[in-house]
Amino acid sequence: SKVTGALPQANIADQAINEAKMQISNAPTNGYMLTAQSGNTGGLTWAEAPSGGFTRLAGSNVTGQNPSGVDVNNCFSSTYDTYMIVIDKVEQTVDSAVISCRLRDSGGSVTASNYRYANRIFDDDGNNQNKDANSPDNKFDITNDSDDSSNSGGFNGIMYVHRPHSSNEMTRMNTFTSFWNNTADDIRIGVAACAYENPETHTGIGFNISSGGIRDGGSFTVYGIKYT
């Protein structure tokens, strides 16, 4: 039977209205989303989702046995242009240790001496220190002598990794971090940049500590960013 006029909502069964009954102006495409378009037939149109965006891709939480390193594998690809890594509550078990990172590829950790970096570290007394590699090193040191307290919040920060998957461009890493000095009486801010001086494809990243281990509860989370 045919109903004219308003149909009470209570008379519509669950899952009773399909796409064909919605008077959408165009045919569907997998992955498209339904949008409001007042000038089109029925006022609804399937449209491609925006390609720009910010997407969580991978993460590694520190759990068990105080590891000396944490790897995030297969998080870089040609899908995204830049990656943002959020570093949270990375606490070390030994005082005065240094946290560093290395890129990774299909063969594991990339240890070639191609990491040229500049790192400026400022504290709450107005002092500053440099931790640089004007001759390329085999790793990127992000901190200097930092504290091992279990209640200070540890090492926190943001790292941007630009175009790591491109075999034609040098991977660039920029960091903004904070941590306590080894006596836990100065909060420090680190601002650094590192260029990996050989164009090659990188698929992941690893973080290591110079001595001791990393306590449970820390995390490294990778997000992808597209520009188009």
Side-chain angles (χ1 to χ4, degrees), residues 60 62 66-73 75-76 82-105 107-125 127-149 152-164 170-198 200 202-215 218-222:
S60 183
V62 184
N66 300 328
S68 61
V70 175
D71 297 328
V72 187
N73 292 310
C75 57
F76 302 150
T82 293
Y83 297 82
M84 186 181 82
I85 303 173
V86 178
I87 304 164
D88 183 66
K89 198 184 177 185
V90 175
E91 297 176 346
Q92 58 200 52
T93 61
V94 173
D95 212 18
S96 301
V98 173
I99 295 174
S100 62
C101 77
R102 287 189 173 108
L103 296 163
R104 296 180 65 79
D105 60 19
S109 184
V110 178
T111 60
S113 294
N114 287 317
Y115 298 87
R116 184 186 296 271
Y117 60 87
N119 194 349
R120 299 293 176 266
I121 298 169
F122 307 87
D123 67 26
D124 56 24
D125 291 325
N127 300 314
N128 63 81
Q129 302 175 35
N130 302 329
K131 192 164 186 62
D132 305 324
N134 58 359
S135 294
D137 199 352
N138 64 3
K139 64 186 184 310
F140 172 24
D141 286 341
I142 306 173
T143 70
N144 57 5
D145 54 335
S146 48
D147 179 56
D148 65 347
S149 298
S152 64
F155 168 61
N156 299 274
I158 301 290
M159 170 183 278
Y160 291 97
V161 184
H162 297 270
R163 305 187 188 279
M170 297 180 185
T171 299
R172 178 76 57 82
M173 293 172 278
N174 300 314
T175 64
F176 179 78
T177 61
S178 66
F179 55 95
W180 289 96
N181 69 337
N182 61 337
T183 53
D185 56 8
D186 282 323
I187 186 71
R188 290 178 171 173
I189 297 171
V191 181
C194 177
Y196 187 83
E197 292 190 325
N198 190 53
E200 60 187 49
H202 300 121
T203 57
I205 194 165
F207 296 86
N208 295 89
I209 195 163
S210 59
S211 59
I214 301 172
R215 289 193 180 94
S219 65
F220 301 85
T221 308
V222 181

Expected output: side-chain [X] to main-chain [Y] donor-acceptor under 3.5 Å:
X: Ser210; Y: Val98; result: yes
X: Asn174; Y: Tyr160; result: no
X: Arg215; Y: Asp148; result: yes
X: Thr143; Y: Ile99; result: yes
X: Asp125; Y: Asn127; result: no
X: Ser211; Y: Ala97; result: no
X: Glu197; Y: Pro136; result: no
X: Asn181; Y: Ser146; result: no

Closest approach of [X] and [Y], non-hydrogen atoms and distance?
X: Lys139; Y: Ser100; answer: CD-OG, 3.6 Å
X: Val90; Y: Phe220; answer: CG2-CZ, 3.6 Å
X: Cys101; Y: Met159; answer: SG-CE, 3.8 Å
X: Asp71; Y: Gly206; answer: OD1-CA, 3.4 Å

How about CZ on Arg172, more than 12 heavy atoms from neighbouring residues, nucleotides or ligands closer than 6.0 Å, or not?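 No, CZ of Arg172 has 12 or fewer neighbouring heavy atoms, counting only those of other groups under 6.0 Å.
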Got [X] and [Y] here, is their nearest side-chain heavy-atom distance under 4.5 Å?
X: Phe179; Y: Ile142; value: no
X: Asp132; Y: Arg120; value: yes
X: Val161; Y: Ile85; value: yes
X: Val62; Y: Val70; value: yes
X: Tyr83; Y: Ile205; value: no
X: Asp147; Y: Asp95; value: yes
X: Leu103; Y: Met173; value: yes

Step by step, work out the side-chain contact (heavy atoms from CB on, under 4.5 Å) result for Phe207 and Ile214. CA-CA 10 Å; Phe207 296 86; Ile214 301 172; 5.7 Å; no
Donor-acceptor list for residues 186-195 side chains, cut-off 3.5 Å, not counting sequence neighbours:
unit_1 : atom_1 : unit_2 : atom_2 : d
Arg188 : NH1    : Asn144 : OD1    : 2.8
Arg188 : NH1    : Asp145 : O      : 3.3
Arg188 : NH1    : Asp145 : OD1    : 3.0

When rounded to the nearest 0.5 angstrom, what distance separates [atom1] in [X] from [atom2] in [Y]?
X: Thr111; Y: Arg102; atom1: OG1; atom2: CZ; value: 6.0 Å
X: Thr171; Y: Phe140; atom1: OG1; atom2: CZ; value: 12.5 Å
X: Arg104; Y: Phe76; atom1: CZ; atom2: CZ; value: 11.0 Å

Centroid-to-centroid, Tyr115 to Tyr196, below 6.0 Å?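 Distance test on ring centres: under 6.0 Å, yes.
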